[in-house]
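One structure below.
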2 protein chains.
Amino acid sequence: MKNLPSIKQLQYLLAVHQHQHFGRAAEACFIGQSTLSSAIQNLEETLGCQLIERENRSIMFTAIGEEVVERARKIIDDTISVKELTKSFLNPLQGQLTIGIIPTVASFIAADLYHLCATEFPDLELVLIEDTSDNLLDKLEKGQVDVALLALPYNTKKFHTHILAQDPFNMVMHKDYEAAKGIADFNLLPPSSVFLLEREHCLTDHALSACHLSKSECINPFEAASLHTLLSMVERQLGVTFLPQMAINAGILAHKPMVFNAAQDTAYRDIGILWRKTSGRIRDFRLLCDKLKPFFTEKCAR
Amino acid sequence: MKNLPSIKQLQYLLAVHQHQHFGRAAEACFIGQSTLSSAIQNLEETLGCQLIERENRSIMFTAIGEEVVERARKIIDDTISVKELTKSFLNPLQGQLTIGIIPTVASFIAADLYHLCATEFPDLELVLIEDTSDNLLDKLEKGQVDVALLALPYNTKKFHTHILAQDPFNMVMHKDYEAAKGIADFNLLPPSSVFLLEREHCLTDHALSACHLSKSECINPFEAASLHTLLSMVERQLGVTFLPQMAINAGILAHKPMVFNAAQDTAYRDIGILWRKTSGRIRDFRLLCDKLKPFFTEKCAR
DNA sequence: GAATTTAATCGGTTATAACGATGAAAAACC
DNA sequence: GGTTTTTCATCGTTATAACCGATTAAATTC
């Protein structure tokens with residue numbers, strides 16, 4: 001049986017890498033500086049090579065040291081996952097759960113989601129984080145969120161992906177806007193009459209592809225930062241936009257002189273939930289899915 | 001800082017799982033039975049749940065125990081990789097290297113590959129394993145081979161994949177076989193005139209797709225188990241087959257009344273090398289690639 | 001040149017991992 | 001039905017390692 005580095009040694013190494021300082025790293029690990037120093041030396045001994053160059057006043061990781069740090073981080077994460085696994089096995093859906101949600105979903109369901117979890121999982125401390133798909137995927141990988149709720153299709157093959165509901169698109173316009181009425185192929189809409197969100201939002205891409213809109217001249221170059229800005233533009237300019245059913249069900253058009261109708265039967269975005277394949281709380285997430293599926297299905301119902 | 005299970009505890013757990021017996025597992029770990037027993041108890045303590053049900057005469061892993069074992073195996077593998085990483089950093093391409101190779105490559109290059117490694121990497125102890133693509137991918141995942149050499153395209157996204165050379169296909173036939181001469185579209189060959197290997201061999205699929213052969217009636221239902229059987233069929237029956245350049249360069253047609261000509265410019269298979277993304281010897285493998293690339297390029301040269 | 005910073009070293013203590021012997025419980029043997 | 005065997009848990013002990021605090025050494029700063 002090989003003499004492998006220990007979990008503790010790897011933890012200490014990560015601490016040194018994080019703080020770039022033995023003293024502060026030791027403090028963070030609640031051990032003495034001497035203990036940390038010898039622990040790193042032992043690790044270097046078992047690995048048979050130098051990981052850190054101790055210079056005059058500062059330390060520097062060697063190339064091989066950096067590589068070891070990267071792998072150590074993964075090992076520690078996996079080990080933490082094992083603990084989470086057993087913990088969540090005993091007490092399902094307890095403790096803190098951090099969910100990342102994209103803006104074009106969060107604003108319409110956040111409040112009800114809190115309520116749902118409070119009643120279904122009273123021991124769960126829910127933390128919601130709103131960000132773009134790209135940022136959420138990044139945070140998911142780094143462990144800053146436990147699961148992410150976003151709109152698909154999206155490049156999510158790194159993570160386990162599960163579809164919760166279909167959210168159909170609707171064409172939305174002022175009730176007096178005649179130019180769009182009865183149009184089947186949206187590419188035939190008047191020039192600059194289609195208003196969309198700015199590019200960061202996946203809703204823009206989804207609306208374009210789901211409604212078979214080629215990037216034609218019918219799209220207005222203005223890029224709105226929020227759905228409400230978008231709506232006010234559409235209301236004033238007498239153009240059209242495409243909104244998911246979820247937004248309409250949440251009452252975004254209430255008391256406005258706007259009308260909407262189903263874009264096409266096949267025009268929809270999927271609402272999906274993602275988690276790290278190596279997560280220790282997969283059991284928790286599946287239980288959560290059981291409740292989220294009817295929840296989102298209702299939120300997106302015509 | 002959390003109290004995580006230690007590497008040793010996980011190693012011991014794996015040993016118990018492997019032997020399904022405390023005493024024999026302890027022996028395999030070179031520790032006493034009592035030590036192992038308490039180590040497992042400590043592990044169960046830190047994880048907060050039972051992993052093994054100790055019954056009268058036999059032990060049984062709980063469901064959660066099996067899950068922990070699976071994750072522990074990965075953690076241990078990753079930790080071993082860290083050691084290998086540092087070791088191969090100090091002494092590149094030393095020690096044992098196990099290469100898996102598919103039959104339709106191995107038989108033509110194995111001897112020369114041994115010779116190449118013996119001269120370029122004298123400290124390397126080369127072990128070659130010949131098996132089908134499917135089996136090699138399985139062995140690669142389990143760590144039974146360090147790298148795999150196979151023909152692409154193949155579903156290899158689980159692993160790091162690197163293409164070494166293109167191996168063109170040639171149509172091969174008896175020199176007196178007139179029916180195939182001057183034919184551009186291979187689908188127009190006479191019925192049952194194309195002989196191929198049995199389905200397990202990826203060469204069959206590659207020949208079909210690279211030469212744009214739809215599974216038409218020109219393909220003979222006979223499935224040969226080796227290229228030599230295949231050739232004897234073609235020689236006797238006066239039909240055709242498709243052989244990679246590598247086979248021809250190795251002299252498979254020497255002293256035979258056979259002729260060959262390039263199938264098409266675009267008809268080729270790629271020779272690729274694969275390794276686990278988490279392997280600790282990636283540096284080694286890249287050095288190996290530097291030598292393998294010219295080696296295979298020459299082996300496949302027209 | 002004194003003060004400061006920083007990691008290594010040293011001596012001593014505590015905690016952990018290891019051993020061997022024994023114990024308990026169930027099954028197998030006779 | 002009692003004895004032996006098998007097998008894991010427990011106990012007391014010892015060796016190893018992990019850890020602490022104080023000190024040292026080297027370099028930088030003032």
Side-chain angles (χ1 to χ4, degrees), chain A residues 1-62 65-66 68-69 72 76 79 83, chain B residues 1-62 65-66 68-69 72 76 79 83:
Chain A
M1 191 147 293
K2 287 183 189 176
N3 183 25
L4 295 177
S6 75
I7 291 285
K8 268 192 182 158
Q9 288 172 336
L10 296 181
Q11 282 180 307
Y12 295 162
L13 184 73
L14 288 188
V16 174
H17 188 258
Q18 188 187 331
H19 294 94
Q20 293 286 319
H21 189 285
F22 272 70
R24 284 192 287 278
E27 206 175 334
C29 295
F30 305 109
I31 57 171
Q33 174 265 318
S34 60
T35 306
L36 180 65
S37 178
S38 61
I40 298 294
Q41 283 177 67
N42 285 338
L43 177 60
E44 289 181 323
E45 176 74 22
T46 58
L47 291 183
C49 69
Q50 195 179 20
L51 303 174
I52 302 174
E53 286 179 35
R54 289 83 156 170
E55 269 171 56
N56 320 331
R57 216 164 174 67
S58 65
I59 63 169
M60 212 182 87
F61 276 72
T62 61
E66 292 283 352
V68 171
V69 163
I76 300 296
T79 311
K83 254 206 109 166
Chain B
M1 189 144 296
K2 288 182 188 178
N3 183 25
L4 295 176
S6 74
I7 292 285
K8 266 189 184 164
Q9 287 172 336
L10 296 181
Q11 282 181 306
Y12 294 164
L13 184 72
L14 289 188
V16 173
H17 188 258
Q18 188 188 331
H19 295 94
Q20 293 285 320
H21 189 286
F22 273 69
R24 283 191 288 278
E27 207 176 332
C29 294
F30 306 108
I31 57 171
Q33 173 266 317
S34 60
T35 306
L36 180 65
S37 178
S38 60
I40 298 293
Q41 282 177 68
N42 285 338
L43 177 61
E44 289 181 322
E45 177 75 21
T46 58
L47 291 182
C49 69
Q50 195 178 20
L51 303 175
I52 302 174
E53 285 178 38
R54 288 82 157 171
E55 270 171 58
N56 321 330
R57 220 167 169 65
S58 66
I59 63 169
M60 214 182 85
F61 276 72
T62 62
E66 291 284 350
V68 171
V69 163
I76 300 296
T79 311
K83 255 206 107 166

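Side chains are part of it too, since the values below use all heavy atoms of this structure and drop only hydrogens, waters and symmetry mates. Residue numbering restarts at 1 for every chain, and letters A, B, ... go by the order of the sequence lines.
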Its contact letters, B for base, S for sugar-phosphate only and - for none at protein heavy atoms under 4.0 Å, make nucleotides 13-23 of chain D read ------BBBB-
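- The CG-P distance, from B:L51 to D:dC8, rounds to 15 Å in whole Å.
- Per the geometry, CD1 belonging to A:I59 stands 17 Å off P belonging to D:dA27, to the nearest Å.
- The side chain of B:Q41 contributes an N or O atom lying less than 4.0 Å from OP1 or OP2 of D:dT10.
- Going from atom CD of B:E27 over to atom P of D:dT6 covers 14 Å, rounded to whole Å.
- If you take CZ of A:R24 and P of C:dT5, they are 11 Å apart, rounded to a whole angstrom.
- Protein atom CZ of A:F22 is 17 Å distant from nucleotide atom C1' of D:dT24, rounded to whole Å.
- Every residue two or more places apart in sequence or in another chain that forms a ring-ring contact (aromatic ring centres under 6.0 Å, His included) with A:F61 is listed here: A:H17.
- Dashed line: the shortest gap from a side-chain N or O of B:R54 to OP1 or OP2 of D:dT7 is not under 4.0 Å.
- Taking atom CD of residue A:E44 and atom P of nucleotide C:dA7, one finds them 13 Å apart after rounding to whole Å.
- Salt-bridge formation is detected for the pair A:E44/A:R54: a Lys NZ or Arg NE/NH1/NH2 atom is positioned less than 4.0 Å from an Asp or Glu carboxylate oxygen.
- Checked against D:dT7, C:dT9, D:dA9, the side chain of B:H21 finds its nearest nucleotide in D:dT7.
- In summary, the side chains of A:E66 and A:T62 do not present any donor paired with an acceptor at a separation below 3.5 Å, with no hydrogens or angles considered.
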